[in-house]
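None of these values were measured; they are calculated from a predicted model.
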Amino acid sequence: MCGRFTLRTPADELSELFSATLRDGLLLSPRYNIAPSQLVACVRQPPEGQRELVTLRWGLVPSWAKDAKIGYSLINARSETVANKPAFRSPFRRRRCLIPADGFFEWQAVPGSKTKQPHYITLQGGQPFAFAGLWERWIGPDGNPLESCSIITTEPNELMKTIHNRMPVILPP
């Protein structure tokens, strides 16, 4: 599971790295503890137009949801079931995105203790990478749209297996 991550790379560098247009003059401050429900940078490809770098709320709110609070429980989507789960099925087919990051945190259970040991995971060179993600547009009762996203997770690789039973899907360049 991915519950916290970092992004220090400036928006203009991300725009170049992901060949995406900055939407509305987007500026990103370095962030070292991005949490669910906060705005996160996302790269998406609209049906008509060029790839764009935008901010979306982390915690997917399905278009059919009655309340935006459902997003608090939908920060991650399991890769094994994403195509079938009602909350993720439509975004998986039509609204995939990249969620840029420089690193992420996973907490490892400490045997015989209620505490967990945090681990900060990065690429060896520290360069930015992207999580696989989904995004959705929800229209609230007031008629205002909310765009939100979720990180897709998978079984851990050999490195992560000793730390946690899930990990975010990290896409190669």
Practice prompt. Indicate, with yes or no, if L123 and L98 share a hydrophobic cluster defined by side-chain heavy-atom contacts under 4.5 Å among Ile, Leu, Val, Met, Phe, Trp and Tyr.
Written response: yes
Worksheet item: Looking only at heavy atoms, which two atoms of A11 and L22 are closest? And how far apart?
Response: O-CD2, 3.6 Å
Worksheet item: Taking side chain as C-beta onward, heavy atoms only, is S37 less than 4.5 Å from Y72?
Response: yes
Item to complete: Look up atom OG1 in T21 and atom CG in L53, then write down how far apart they are to the nearest 0.5 Å.
Response: 9.5 Å
Fill in: Spacing of H119 atom NE2 and T162 atom OG1 [to the nearest 0.5 Å]
7.0 Å
Fill in: From CD (E155) to OG (S79), nearest 0.5 Å
7.5 Å
Worksheet entry | Shortest non-hydrogen contact from T153 toward V169 | C-CG2, 4.0 Å
Worksheet entry | Contacts of type side-chain contact (heavy atoms from CB on, under 4.5 Å), residue A101, not counting sequence neighbours | F5, F129, F131
Worksheet entry | Under the side-chain contact (heavy atoms from CB on, under 4.5 Å) test, residues paired with L146 that sit two or more places apart | R57, V61, A68, W138
Worksheet item: Is there a donor-acceptor pair under 3.5 Å between the side chain of S150 and the backbone N or O of L134?
Response: no
Worksheet item: With sequence neighbours left out, which residue pairs that include part of residues 28-40 fulfil the salt bridge (charged side-chain N to carboxylate O under 4.0 Å, His left out) condition?
Response: none
Worksheet, complete the sentence: salt bridge (charged side-chain N to carboxylate O under 4.0 Å, His left out) filter on R4, not counting sequence neighbours, yields none
Practice prompt. Could you note down all residue pairs passing salt bridge (charged side-chain N to carboxylate O under 4.0 Å, His left out) where residues 67-90 supplies at least one of them, sequence neighbours left out?
Written response: E80-R166
Item to complete: Of all the heavy-atom pairs spanning P168 and E106, show the shortest one and how long it is.
Response: CD-OE2, 4.0 Å
Worksheet, complete the sentence: On a heavy-atom basis, the closest approach of L14 and P128 is CD2-CB, 4.4 Å
Item to complete: Taking S15 for its side chain and A20 for its backbone only, find out whether a donor-acceptor pair lies under 3.5 Å.
Response: yes
Worksheet item: When you look at CD of E16, are more than 12 heavy atoms from neighbouring residues, nucleotides or ligands closer to it than 6.0 Å?
Response: no
Fill in: salt bridge (charged side-chain N to carboxylate O under 4.0 Å, His left out) partners of residues 128-140, not counting sequence neighbours, each pair once
R95-E136, R137-E147
Discussion item. Just to verify, what does F92 make a ring-ring contact (aromatic ring centres under 6.0 Å, His included) with, not counting sequence neighbours?
Written reply: none
Fill in: Close side-chain approach of I152 and F88, heavy atoms under 4.5 Å
no
Worksheet item: What pairs with K116 under side-chain contact (heavy atoms from CB on, under 4.5 Å), at least two apart in sequence or on another chain?
Response: W107
Discussion item. Using side-chain heavy atoms (C-beta onward) and a distance below 4.5 Å, is L17 in contact with T9?
Written reply: no
Discussion item. Are I163 and I121 packed together at the side-chain level, in the sense that at least one heavy-atom pair is separated by less than 4.5 angstrom?
Written reply: yes
Fill in: Minimum heavy-atom distance P100-A41, with the two atoms named
CD-O, 3.2 Å
Discussion item. Quick check on the hydrophobic clustering: are I170 and V43 connected, directly or via other members, by side-chain heavy-atom contacts under 4.5 Å?
Written reply: yes
Worksheet item: Who pairs with E48 by salt bridge (charged side-chain N to carboxylate O under 4.0 Å, His left out), at least two apart in sequence or on another chain?
Response: none
Worksheet item: What pairs with Y120 under ring-ring contact (aromatic ring centres under 6.0 Å, His included), at least two apart in sequence or on another chain?
Response: F105
Worksheet item: How close do T122 and G103 get, heavy atom to heavy atom, and via which atoms?
Response: CG2-CA, 4.0 Å
Worksheet entry | Partner set under side-chain contact (heavy atoms from CB on, under 4.5 Å) for T115, not counting sequence neighbours | V110, S113
Discussion item. For the backbone of A35 and the side chain of Q38, can you confirm whether one donor and one acceptor N or O come within less than 3.5 Å of each other?
Written reply: yes
Item to complete: Rounded to the nearest 0.5 Å, what's the gap from CG on L39 to OG on S148? Could you check?
Response: 11.0 Å
Item to complete: Supply the atom-to-atom distance M160 CE to N165 CG, rounded to the nearest 0.5 angstrom.
Response: 9.5 Å
Worksheet item: Backbone N or O of F18 within a donor-acceptor pair of the R51 side chain at under 3.5 Å?
Response: yes
Practice prompt. Compare all side-chain heavy atoms of I99 with those of W58 and state whether any distance is below 4.5 angstrom.
Written response: no
Item to complete: Starting from the C-alpha separation in whole Å, work towards a yes-or-no answer on side-chain contact (heavy atoms from CB on, under 4.5 Å) for L7 and V40.
Response: CA-CA 9 Å; L7 182 61; V40 298; over 6 Å; no
Worksheet item: Residues sharing W135's hydrophobic cluster, by side-chain heavy-atom contacts under 4.5 Å among ILVMFWY, directly or via others?
Response: V54, L56
